Each structure stands twice: as structure tokens, then as C-alpha cells.
> 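Below are the C-alpha cells for one structure; questions will follow.
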Amino acid sequence: MTSARWQRLAGKRWQIGQCAVAAGLAYWIAHDLLGHPKPFFGPIAAVVALGTSYGQRLRRVGEITVGVALGVFLGDLLTSYVGTGPWQIGLIVALAMTAALLLDTSQLLVTQAAVQSIVVSVLVAPASYAFYRWTDAVVGGLVALVAATVVPQAPLRRPREQAASVLRRIVELLRAAADSIDDGDVDRAVSVLEEARRTEPLLRELEGAAAEGLSVLASSPFRIRHRPGVRRMAELVEPLDHALRNTRVLVRRVAVAAYRREQFPRGYAVLVRELAGAAELVALELDAGRTPEQARDVLLAVGHDSALVERGHGLSAEVVLAQVRSITADLLAVSGLDPFTATDQIPPLA
């Protein structure tokens with residue numbers, strides 16, 4: 001649990017630093033350059049707008065900036081005329097939300113307009129400073145907008161790294177399944193099945209990494225040259241999802257066969273290990289930052305061998321063989337082949 005917390009913190013350290021710098025910069029601009037004595041809303045707008053995720057970041061920054069500025073402006077304007085109190089707060093919130101809805105239907109914009117109008121109405125400023133606060137909010141939003149375009153390279157590498165992690169888990173499961181095919185150890189086969197059933201978070205992390213990478217591309221004009229690579233990695237999510245799911249089916253069938261004392265032909269364990277080796281080569285290529293085209297010949301060899309392997313007579317043997325061929329096709333798709341072309345590359349069973 002502690003390790004997971006540190007990993008979560010490590011994954012967000014850039015965003016934390018970015019928010020901290022943006023808050024300080026917004027304060028400096030409003031206080032030192034513009035001469036505002038208490039630029040409370042500048043840092044607030046910058047931090048709230050940036051947040052800690054890259055998804056739809058530029059849109060979120062714009063919505064929050066408008067919402068905060070609108071709420072602060074209306075709060076200052078109305079408070080100067082009607083004062084502060086229960087009915088005044090209700091009136092100010094209603095008017096701020098109405099104005100925000102007329103501008104846009106974004107829930108984020110409407111909520112921020114309401115919240116900031118409340119803050120401004122309760123924290124009444126001196127008359128000489130009242131209308132400076134909406135300027136501070138605009139400054140904070142503009143700083144956040146500039147900061148949002150500056151993103152690190154780490155989110156662009158993460159989809160590739162996560163894809164390699166999924167493949168390494170597939171390799172581990174395939175090799176463990178091959179051992180169970182060899183010796184029929186029921187306890188180990190069931191243990192491997194339990195491990196296979198815990199792989200779903202890997203896929204969710206892969207999907208999240210791909211979505212974050214694409215969001216970074218949309219947020220930053222400075223990462224244009226990375227677009228082809230990140231989009232290519234995002235396209236791997238579906239075939240890797242299929243490969244991991246097919247691996248789980250294979251592992252489950254091996255566990256069922258071990259429980260029922262069913263025997264596999266001798267070549268099945270060899271074939272599964274051969275597939276594990278090919279999957280490991282795909283992972284190594286991804287780790288090196290390359291499209292795994294170099295692994296394609298090895299995968300094609302696995303597909304060829306699967307068509308010639310001695311066939312079993314039971315259901316378990318047929319299921320395992322079918323899954324080996326399906327996983328091979330999935331990994332060929334990961335190597336860059338069209339899924340239908342990948343399937344056609346595997347010879348029909350003898």
C-alpha cells in the first residue's frame with residue numbers, strides 16, 4: 001500500500017510542481033507588477049484551473065478562468081450595491097449561475113461562478129480594492145493557461161511503458177501455464193489462474209496512460225512531433241486487451257485440465273513457451289521505444305508451429321491451442337499489422 005502511494009505521488013509530482021509555480025507566479029504578477037495588496041484570487045484561480053490531470057486541460061482552464069472571473073466580478077459588483085446577508089448571498093449566487101449558464105452549459109464554469117461569488121460576498125474588500133479581485137482571477141487563469149501548454153515528456157512515454165508491463169505479465173502467465181501443462185500441478189495452476197484474474201487493473205492503467213498521453217498532445221503545441229508515436233501507442237490498447245483476455249482464458253483452461261488430470265500433447269508446453277518468448281521480444285522492443293516489427297518473424301513462426309503441432313483429443317487441448325493462435329494474432333496486431341491481416345498470417349490447422 002505504501003509503495004502504491006509513493007508511485008501515485010511520483011506520477012503527479014510534475015503537476016504538483018506546476019501548480020506551485022503557477023500559484024507563485026500569479027501572486028507575483030498581481031502583487032508586484034499590478035500593485036494589488038492582497039491578490040487572493042490569482043493563486044486560487046491558477047491552482048484550481050490546472051488541477052492534477054491532463055484530460056481536457058485547456059478547456060478546463062478556460063472554463064474555470066471565466067467562471068472564477070465572472071463570479072468574482074458579479075460578487076464585487078452586487079455586494080457594493082446590496083451588501084452582505086442571507087438574501088443577498090442567495091441573490092448573488094442565482095445571478096452568477098444564471099450569467100454563467102447564458103455563457104456556456106459547462107457545469108464547471110457554472111459551479112465556479114457560484115462558489116467565487118459567495119467567497120467575494122462574504123470576504124468583503126475595502127472599497128478601494130473591491131474590483132481588483134476579478135483582475136487577480138483573470139491573471140491566475142492566464143498564468144494557468146500558459147502553464148497548461150508546458151508539459152513533461154513522461155506522460156508521452158507512459159503508454160509505451162504500460163504496454164510493455166502488460167506484455168511482461170502475459171509472458172509470466174504463459175510460462176507458468178506451460179509449466180502446469182508439463183507437470184499437471186493443480187495448486188500451481190490454480191495459483192496462476194488467481195494471478196491472471198488480478199490483471200484487470202493493468203488494462204485500466206494502460207487505457208488511462210493512453211488517454212493521458214493523448215490529452216497532453218491536445219494541451220501542448222510543443223509536443224507536435226510526438227503525436228504519431230503516442231497515437232500509435234494508443235492504438236495498441238485494443239489488441240493488448242484482447243491478448244491479455246485470451247491469456248486468461250488459456251490459463252483457466254490449463255487449470256481446469258490440471259484439476260481433471262487431463263493430458264496435453266508434449267508439444268503444447270513447447271508451443272506456449274515459444275509464444276511467451278515472442279511476447280517478451282515484443283515487450284523489449286516497446287521498452288526500447290520501437291514499434292515491435294522486429295518481433296513479427298518470431299510471432300509468424302509461432303503461428304506456423306501452431307498449425308503443425310500434434311493435436312490433442314480433449315476440449316482443453318483444443319481450447320489452449322485456439323488461444324495460442326488468438327494471442328499470436330493479437331501480438332501481430334501489436335507489431336503493427338491490421339487485425340484481419342494478422343489473422344490471415346496464421347496458417348490453418350493441419
Side-chain angles (χ1 to χ4, degrees), residues 7 11 154-181 192-214 229-254 269-303 305-306 320 322-339 341-343 345-346:
Q7 288 178 358
L156 306 179
R157 293 194 304 265
R158 190 165 166 256
R160 173 171 48 80
E161 294 169 352
Q162 193 61 38
S165 295
V166 172
L167 280 159
R168 284 192 290 270
R169 182 58 62 86
I170 289 173
V171 171
E172 293 170 2
L173 294 173
L174 289 174
R175 285 179 174 155
D179 292 340
S180 297
I181 290 173
V192 174
L193 177 58
E194 290 174 355
E195 291 179 17
R197 286 171 171 165
R198 290 194 292 266
T199 55
E200 194 65 28
L202 274 177
L203 292 176
R204 302 289 77 81
E205 289 173 16
L206 175 60
E207 291 172 355
E212 186 175 73
L214 293 174
V230 174
R231 286 174 178 161
R232 189 161 55 245
M233 288 299 107
E235 290 170 358
L236 299 186
V237 172
E238 185 174 355
L240 282 173
D241 186 346
H242 294 163
L244 187 54
R245 293 181 190 281
N246 284 324
T247 301
R248 285 204 294 257
V249 174
L250 184 151
V251 168
R252 182 178 184 276
R253 201 65 222 181
V254 169
V270 175
L271 184 63
V272 173
R273 288 195 182 95
E274 187 181 348
L275 177 58
E280 186 172 37
L281 182 57
V282 175
L284 290 172
E285 289 292 296
L286 289 175
D287 271 333
R290 296 187 293 264
T291 302
E293 296 177 2
Q294 297 295 323
R296 196 173 294 166
D297 289 341
V298 179
L299 288 165
L300 291 173
V302 175
D305 292 346
S306 73
V320 168
Q323 293 310 311
V324 167
R325 292 167 63 83
S326 295
I327 296 167
T328 302
D330 296 332
L331 296 184
L332 282 170
V334 172
S335 77
L337 290 182
D338 175 85
T341 303
T343 301
Q345 294 297 311
I346 301 175

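Computed from a predicted structure; not experimentally measured. Throughout, numbering of the chain's residues begins at 1 and tracks the sequence.
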> Report, as yes or no, whether the 6.0 Å neighbourhood of atom CZ on Arg252 holds more than 12 heavy atoms from other residues, nucleotides or ligands.
no

> Applying side chain to side chain donor-acceptor pair (under 3.5 Å), name anything that partners Asp241, two or more places apart in sequence or on another chain.
Arg245

> Under 3.5 Å, is there a donor-acceptor pair linking the side chains of Glu205 and Gln162?
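Per modelled atom types, Glu205 and Gln162 side chains form a pair under 3.5 Å.
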
> Which atom names give the shortest non-hydrogen contact between Ala329 and Ala342, and what distance separates them?
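Scanning both residues, the minimum pair turns out to be O-CB, 3.5 Å.
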
> Using residues 332-339 as the side-chain source, report each donor-acceptor pair under 3.5 Å to any protein atom, sequence neighbours left out, with the distance given to one decimal.
residue : atom : partner : partner atom : Å
Ser335  : OG   : Arg296  : NE           : 3.1
Ser335  : OG   : Leu332  : O            : 2.5
Asp338  : OD2  : Phe340  : N            : 2.9
Asp338  : OD2  : Thr341  : N            : 3.4

> For the residue pair Glu285 and Glu293, establish whether any side-chain heavy-atom pair is separated by less than 4.5 Å.
no

> Out of curiosity, Gln323 CD to Thr328 OG1, how far, rounded to the nearest 0.5 Å?
10.5 Å

> For residues 169-181, pull every pair meeting salt bridge (charged side-chain N to carboxylate O under 4.0 Å, His left out), keeping only residues two or more places apart or in separate chains.
Arg169-Glu172, Arg175-Glu280, Asp179-Arg273

> Using every non-hydrogen atom in the two residues, find where Leu286 and Ala163 come nearest and quote the distance to one decimal.
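Reported closest heavy-atom pair: CD1-CB, 3.9 Å.
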
> Between Ala177 and Val254, what is the shortest heavy-atom contact and its length?
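Taking every non-hydrogen atom into account, O-CG1, 3.8 Å.
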
> Hey, could you give me the CG/CD distance between Leu174 and Glu274, rounded to the nearest 0.5 Å?
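If I round to the nearest 0.5 Å, the distance is 12.0 Å.
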
> Within this structure, what is the CD1-CG distance for the pair Ile327 and Leu250, rounded to the nearest 0.5 Å?
5.0 Å

> Is there a side-chain contact between Asp330 and Leu240, using heavy atoms and a 4.5 Å cut-off?
no

> What verdict does the side chain to side chain contact (heavy atoms under 4.5 Å, CB included) test give for Arg248 and Glu200, after you've listed the backbone C-alpha separation in whole Å, the side-chain angles of each residue and the deciding distance to 0.1 Å?
CA-CA 10 Å; Arg248 285 204 294 257; Glu200 194 65 28; 3.1 Å; yes

> Measure the shortest side-chain to side-chain distance between Leu299 and Leu281 over non-hydrogen atoms and say whether it is less than 4.5 angstrom.
no

> Which heavy atom in Val192 sits nearest to a heavy atom in Ala176, and how many Å separate them?
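Taking every non-hydrogen atom into account, CG2-CB, 3.4 Å.
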
> Where is the tightest heavy-atom contact between Ile346 and Ser306, given as atom of each residue plus distance?
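Heavy atoms only, the tightest pair is CG2-OG, 4.2 Å.
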
> Any donor and acceptor pair, going by atom type alone, linking the side chain of Thr199 with main-chain N or O of Glu195 inside 3.5 Å?
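Not confirmed, Thr199 side chain does not pair with Glu195 backbone.
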
> Measuring from Leu193:CG to Arg198:CZ, what's the distance to the nearest 0.5 Å?
10.0 Å

> Can you tell me how far apart CZ (Arg168) and CG (Leu202) are? Round to the nearest 0.5 Å.
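The CG atom of Leu202 is 10.0 Å from CZ of Arg168, to the nearest 0.5 Å.
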
> Given side chain to side chain contact (heavy atoms under 4.5 Å, CB included), test Leu331 with Val302 step by step and report yes or no.
CA-CA 11 Å; Leu331 296 184; Val302 175; over 6 Å; no

